[in-house]
Novice: 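Pasting a structure here, questions to come.
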Number of protein chains: 2
Amino acid sequence: MIRAVPSRRNSIADDLRRQITAGHLKPGERLPSEAKLAAHYTVSTPTLRNALALLQGEGLVEKIHGSGNFVRHPRRRTTYTGGRPSAWTTPPAPLRSTVHARHLRAHSPLTTLLNVAPGTPLTEVLCITHEDRSPHSLSRIYIPRDLAPPKLPALADMATHLTELPSPLAEVRETARSRLPTHEEATTLRISASLAVLSITRVAIDTTGRVVEAALLVYPGDRADALFITNYPPEERPPSP
Amino acid sequence: MIRAVPSRRNSIADDLRRQITAGHLKPGERLPSEAKLAAHYTVSTPTLRNALALLQGEGLVEKIHGSGNFVRHPRRRTTYTGGRPSAWTTPPAPLRSTVHARHLRAHSPLTTLLNVAPGTPLTEVLCITHEDRSPHSLSRIYIPRDLAPPKLPALADMATHLTELPSPLAEVRETARSRLPTHEEATTLRISASLAVLSITRVAIDTTGRVVEAALLVYPGDRADALFITNYPPEERPPSP
DNA sequence: GAGTGGTCTAGACCACCAC
DNA sequence: TGGTGGTCTAGACCACTCC
């Protein structure tokens, strides 16, 4: 049974949401200050802030400390396509990537992910995609250093790289999880701490069983889906259990 | 730059979290009332409730209106495996399913999902898996009625069914999304409204291009991952772009 | 420095649950 | 009916941003 919840904060959120979706409040526009909104709706500031928190969780409003609440630009919803290592991936049309690479040595979570000994040299590529100037997604990609180009590369340079592996690619395993962002992720992606993210851990394995790439991908839930396609060619259709 | 956030609610949440993970507070146990906890930490009730809200979002604490805050039983983390229609799926060992089936006719979101005309007869199977007595996941499965058993079946009966399709299965497409639960989902799954869920939309297509099954799956983020495996057999290794 | 949001207080009153 | 959580008020004081 669904209980109707006619709380003050819900009706305020509904009203603001209607104004945003109807276009009376335009993307990028600043809302009146919380004090003014509270006065307008004749509620206390905590109640008004609760209403705004709902809209932040939906990705409709962005709060910037010290300057105000802003209507978010509606995000293009992009689709992450499963089954491909980074080298075969380019960000969809309107997005641009910022890439930073660095050297490091494998430690605790990475050792199990890449199945390497602690201290193994790795190359990390940190990649943030942007739509206009606002962040869209966050990727951390780890490659055994002997497979990475000797100079820390731009991601574009990597595109040609994974195809030159000593052994060909055999398998890609992806684990998708839904969770709230860490404090760090929320600030880099400039999203509310209550906006859920899709976290994908991807591992690419070559025919020798070696992990040639591991990737930790984070997509804010309001702007990305992940698509996975499984084909059953006639000769290898699995039996029923 | 990451800013340290040493707020009162964070330190309280940290303290309670430590007590839970260390086992001083045991699963199923009721926490002291919010008033008592507030007195113990010498904070106001809203502040204490904020601390509890953090733990709810992590799935560590379950709040039951009128009776108290309880330490959740730690959930077994299950793994949803992609690429399979319902008929090939059985819930992992400790879980049991409650199944309800009903007839209905296709309407707005289902018509596009199943690619059928409005009013097409469908069979809906609503499936809730449980671990002990607490809900674990929620599935809604839609099948064209001529492919479903004439009597509304238990899901177990369906297992043999999809293998008897007029045309063999050709493709499974799965879209994964991260979001907060709807009010309805939060109450049926007995989770906090701030615990993110993994929502998977799965469509199975046979060799004639017909959609033989569509499924809407909801997994609370604290207790399920989804795993997708893509194999590249030697003869069909895709080229680099 | 003026204006904004971030956090917190110390209550009030209502809704739900178990006895 | 008594205890619990749910919602809300009307402030206070601090931290951040921008001029």
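Numbers restart at 1 for each chain; the letters A, B, ... are given by sequence-line order, proteins then strands.
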Novice: Can you tell me if the side-chain N/O atoms of R8(B) get under 4.0 Å from OP1 or OP2 in dT7(C)?
Specialist: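 Result: no.
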Novice: Checking all strands, does R49(A) fall into the base, sugar-phosphate, or nothing category for heavy-atom contacts under 4.0 angstrom?
Specialist: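 Base contact - R49(A) has a heavy atom under 4.0 Å of at least one base atom.
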Novice: Considering all heavy atoms of both residues, which atom of L217(B) and which atom of R202(B) are nearest to each other, and what is their separation?
Specialist: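 Looking at all heavy atoms of both residues, the closest pair is CD1-NH1, 3.9 Å.
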Novice: Which nucleotide, dT9(D), dC8(C), dC8(D), lies nearest any side-chain atom of S7(A)?
Specialist: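 Of all the options, the side chain of S7(A) is nearest to dC8(D).
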Novice: Nearest-nucleotide wise, let me know which of L52(B) and T42(A) is further upstream toward the 5' end of DNA chain D.
Specialist: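 With T42(A) and L52(B) compared, the 5'-side residue is L52(B).
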Novice: dT4(C) phosphate, OP1 or OP2: any side-chain N/O from K63(A) under 4.0 angstrom?
Specialist: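 The answer is no; no side-chain N or O of K63(A) sits under 4.0 Å from OP1 or OP2.
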Novice: Say whether Y219(A) and D225(A), considering side chains only, have a donor N or O and an acceptor N or O under 3.5 Å apart.
Specialist: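 The answer is no; no qualifying pair exists.
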Novice: So which heavy atom on T47(B) is nearest to which on R9(B), and how close?
Specialist: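 Taking T47(B) first and R9(B) second, the nearest heavy atoms are O-CB, 4.0 Å.
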Novice: Test your reading of the model: is there a side-chain donor-acceptor pair from R145(A) to the backbone of L104(A), 3.5 Å cut-off?
Specialist: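 Judged by distance alone, yes, a pair lies under 3.5 Å.
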Novice: Does the pair E62(B)/R190(B) count as a salt bridge with the N-to-O cut at 4.0 Å?
Specialist: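 Yes, E62(B) and R190(B) are salt-bridged.
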Novice: Using atom CG of N10(B) as one end and atom P of dT7(C) as the other, report the distance to the nearest whole Å.
Specialist: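 Nearest whole value for this atom pair: 9 Å.
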Novice: Can you tell me which stems DNA chain C forms, taking runs of 3 or more consecutive Watson-Crick or G-U pairs with both distances under 3.5 Å?
Specialist: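 Result, WC/G-U stems under 3.5 Å: C:1-18 with D:1-18.
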Novice: Taking N or O atoms only and anything under 3.5 Å, show me the protein contacts with nucleotides 2-4 of chain D, one pair per line.
Specialist:
{"residue": "dG3(D)", "atom": "N2", "partner": "G66(B)", "partner atom": "O", "Å": "3.0"}

Novice: Could you state the CG-P distance from L37(A) to dC8(D), rounded to the nearest angstrom?
Specialist: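 Nearest whole value for this atom pair: 16 Å.
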Novice: Can you check the E62(A) CD to dT4(C) C1' distance for me, whole Å?
Specialist: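 Rounded to whole Å, this separation is 15 Å.
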Novice: Has T45(A) got a side-chain N or O lying under 4.0 Å from the OP1 or OP2 atom of dG11(D)?
Specialist: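 No, T45(A) has no side-chain N/O under 4.0 Å of OP1/OP2 on dG11(D).
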Novice: Do you know the tightest heavy-atom contact between S137(A) and T129(A)?
Specialist: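 Nearest heavy atoms, S137(A) then T129(A): OG-OG1, 2.7 Å.
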Novice: Kindly point out which of dT9(D), dT7(D), dT7(C) is positioned nearest to the side chain of T47(A)?
Specialist: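 When the side chain of T47(A) is considered, dT9(D) is the closest of dT9(D), dT7(D), dT7(C).
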Novice: Would you call V99(B) and V125(B) a side-chain contact if the rule is heavy atoms closer than 4.5 Å?
Specialist: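 Side-chain contact under 4.5 Å: yes.
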Novice: What is the distance, rounded to the nearest whole Å, between atom OH of Y41(B) and atom C1' of dT9(C)?
Specialist: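 The distance from OH of Y41(B) to C1' of dT9(C) comes to 19 Å, rounded to the nearest Å.
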Novice: Identify the heavy atoms of L48(A) and A38(A) that sit nearest to each other, and give their distance.
Specialist: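 What the structure gives for the nearest pair is CD1-N, 3.7 Å.
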Novice: Tell me the interatomic distance from N50(A), atom CG, to dG6(C), atom P, rounded to whole angstroms.
Specialist: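 Those two atoms, CG and P, are 12 Å apart.
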Novice: Over how many whole Å does the gap from L48(B) atom CG to dT7(C) atom C1' extend?
Specialist: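 So the two atoms are 15 Å apart, to the nearest Å.
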Novice: Under a 3.5 Å threshold, yes or no: a donor from one side chain and an acceptor from the other, between D14(A) and S11(A)?
Specialist: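 Their side chains do not contain a donor-acceptor pair, so the 3.5 Å distance test is not met.
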